[in-house]
Amino acid sequence: MNGRLHTSNFQGALLTLAGCVAVLLYFYSPVVFHPNDYLFSIHGDGVKNYFSVVSYVSRQDWSWNLEGMNAPFGESIFYTDGQPFLAWILKGLVGIAPGTELYLVGILNTLMLLSMLAGPLLSYRILRNLGTSTVLSVTTAMGIMMMQPQLFRLEGHYALSYCWAIPLVIWLMLQMFRSEIRPWKWALVAGLVNMILFLLHAYLGAVAVAFQLVFWLLSVRQTANNGTGRIRKAGVWGLSSVLVPLIAFPTIIALADQHSNRPNDPYGYFEYYADFDTVLLPHHAPLRTLVDLFLPEFTQTWEGWCYLGMGLMLGAGILLFWAWKSGIRQIPGRLKRASGDEYVMRNMMIAAVVLLFVSFALPFRWGMQSALDYFPWLKQFRAIGRFSWPFFYAFALCIPWLLSTFIEQSRHKAKWVTALPYVIFAMMIVEGYAPHRQVSEHITRATNAFDPHQMSETWKEVCSDIDPSRYAATFSIPYFYIGTEDLFDKKATDKTYYTAMILSYQLKLPLMNAYLTRTSIDEAGSMWKMMYSGIVDESIQGMLQKPLLVLRTPGELDSNEALFLSRCTSIYTSTELELYEFWLDPDHNP
């Protein structure tokens, strides 16, 4: 029996892997075979999130500061979307094999694609551990790959695209709960995973940890009432696996941060939330066409996209009908008496629902906006809609797990139920096709200009003619500085961000502009005064013993930018860009 079960598990995992590989090859074959040839995005966040990693990894020192931007101050790596945990590994790899620096973008791209294999395999493993049939486990796991809400993060928020994260913490929660003797071993693993998630992206860690925190609080409270010692022990260890990283991560940030006076009131909490429509209504064809037909003015918040799909909702509808036919009055009592896997799945769904309503920005959207000021830590999560993701995974695992029992009990009464896994899978494939097609087209539009071999001839000419040792830093005009919540912020075009970061990386010259998050107000003010008042603080004067290499990209200049540029000396002109020198000492400038 165990041998047959093991063989079935292996065959199901192999089938899941084969199906997911087929999906990857169908949609993403250019990147699969040539991962170093593409930048998934050259827009603001997209190019910056590549730049943050490759710029940090390419430097010789091991400081906690990213020196490639916001010169001369730099920025803490924890505020750059620079995936610190991964950046440290890549830095070590480049130290051992320097030639791998040319393939950093390819490594990042490969890890994002491999994530789309790891997530479904973990989902399959969870479902099989719960006793779900092999067929339903395989089809659901592949359907999750097609519908997972983190897919769109491939277009810019790379660390948030790791769709293995939430299935992994669910699997660890299940293992810790089931462990009869040593749940502390699983707690150590879970704590380490949670810390790694925080060190990949603060949101990834926060979403995973918040989900587990609610789950284990429910477990400890409920088991304390019924006196189940083993389960209570698992709950206590589960809380430790959450609380230790929850304390350790902000402590590390505080100790490592060399910058002060950061903005503490970020914009976006009441803009970037999820809602019932982002969970229940489609955002892509073919069903989006029907929505547009009946609701022509309807729009959704992109940050809130966490669409469950008609397949899973059909399964939920069938289960509700089955419950009604079986006696719906029995359900509350059964849920209250739940034990074993039922207990785990019940608490997991409750925790997911709690976070879903958090992602709705509730109750603060109900005329209680001012009350949010009493929760300053919550305001830091401006894109609160991301906290809806655990609901997708919990729902996508819970529905097939329950359907497996329904199918087993009903197959002799109604033959159609045996086709149910395939119907749900087909619906998930159909609805997932358009999003994957869109993303696959978007992420293959731009070549990898961080690789010197793939630069245009103009860029190669610039990099060969310019001696970077002559300059203190690069400075982009039109001027841009993003990170102080509009206090000292100045935006430019995506073309300007892209050109400035590529030039900075290729010449290994730090960039005085910034495209960051919650940047020091004092540092931003110093840059603003230099640009718009002609006053150069002592903190900046020290680095200007050499001239600045000023980059001029297409775009309209305001009067201050035009005045600044008039004080510079032209050294290179092409259709793509212009380069100037700027000396702080006016005797060097025209």
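- Between Trp88 and Trp64, a ring centre-to-centre spacing shorter than 6.0 Å is recorded.
- Counting only N and O atoms by type, the side chains of His157 and Asn49 include no donor and acceptor under 3.5 Å apart.
- Between Phe564 and Phe475, the ring planes are tilted. Angles from 30° to 60° get that label.
- Remark: His436 engages Phe27, Tyr28 in a ring pair (Phe, Tyr, Trp, His ring centres under 6.0 Å) (not counting sequence neighbours).
- Here Phe375 and Phe364 bring their ring centres to under 6.0 angstrom of each other.
- A salt bridge between Lys490 and Glu561 is present, with a side-chain N of the basic residue lying under 4.0 Å from a carboxylate O of the acidic one.
- Just one of Tyr79, Tyr498, Tyr497 meets the ring-ring contact (aromatic ring centres under 6.0 Å, His included) condition when paired with Tyr515; it is Tyr497.
- Not one N or O on the side chain of Thr553 forms a donor-acceptor pair closer than 3.5 Å with the backbone of Thr496.
- A donor atom on one side chain and an acceptor atom on the other are not found under 3.5 Å apart for Glu155 and Ser41.
- Residues passing the side-chain hydrogen bond (donor to acceptor under 3.5 Å, both in side chains) test with Asn513: none are found, sequence neighbours excluded.
- Listed by chain and residue number, Phe450 satisfy the ring pair (Phe, Tyr, Trp, His ring centres under 6.0 Å) test with Tyr505 (two or more places apart in sequence, or in another chain).
- No more than 12 heavy-atom neighbours from other residues, nucleotides or ligands sit within 6.0 angstrom of CZ on Phe85.
- Side-chain atoms of Asn448 and Asp37 form no donor-acceptor pair, as typed in the model, at a separation below 3.5 Å.
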> Can you check ring-ring contact (aromatic ring centres under 6.0 Å, His included) on Tyr481 and Phe488, steps first, answer last?
Replying inline: CA-CA 7 Å; Tyr481 196 101; Phe488 289 112; 8.3 Å; no
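- Remark: aromatic rings of Trp305 and Trp389 are distant, center separation not under 6.0 Å.
- By the 6.0 Å contact criterion, CD on Glu441 is enclosed, its count of non-hydrogen atoms from other residues, nucleotides or ligands being greater than 12.
- Each of Glu75, Glu523, His259 was checked for a side-chain hydrogen bond (donor to acceptor under 3.5 Å, both in side chains) with Asn70, and the lone residue meeting it is Glu523.
- Evaluation of the ring pair (Phe, Tyr, Trp, His ring centres under 6.0 Å) rule for Tyr158 yields Tyr50 as partners, not counting sequence neighbours.
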>> Would Glu581 and Thr569 count as a side chain to side chain donor-acceptor pair (under 3.5 Å) here? Give the steps.
In response: CA-CA 5 Å; Glu581 279 187 359; Thr569 304; 5.5 Å; no
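- Counting non-hydrogen atoms of neighbouring residues, nucleotides and ligands closer than 6.0 angstrom, the NZ atom of Lys491 reaches no more than 12 such neighbours.
- With Ser359 contributing its side chain and Leu356 its backbone, the two residues share a donor-acceptor pair below 3.5 Å.
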>> One pair to check against side chain to side chain donor-acceptor pair (under 3.5 Å): Tyr580 and Glu578. What are the steps and the verdict?
In response: CA-CA 7 Å; Tyr580 297 80; Glu578 299 172 8; 2.7 Å; yes
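- With hydrogens and angles left out, the side-chain atoms of Asp467 and Ser469 include a donor and acceptor closer than 3.5 Å.
- A donor-acceptor contact shorter than 3.5 Å links the side chain of Gln150 to the backbone of Tyr162.
- Applying the side-chain hydrogen bond (donor to acceptor under 3.5 Å, both in side chains) test to Arg382 and every residue at least two apart in sequence or in another chain returns Glu485.
- Scanning for ring pair (Phe, Tyr, Trp, His ring centres under 6.0 Å) contacts around Phe198 gives Phe249, with sequence neighbours left out.
- No donor-acceptor pair closer than 3.5 Å links the side chain of Ser533 to the backbone N or O of Ile535.
- A donor-acceptor distance shorter than 3.5 angstrom exists from the side chain of Asn36 to the backbone of Gly106, with no hydrogens or angles considered.
- With a 6.0 Å cutoff to the six-membered ring centre and a 45° limit on the axis angle, Arg153 does not count as a cation-pi contact of Phe40.
- With Arg552 contributing its side chain and Ser476 its backbone, the two residues share no donor-acceptor pair below 3.5 Å.
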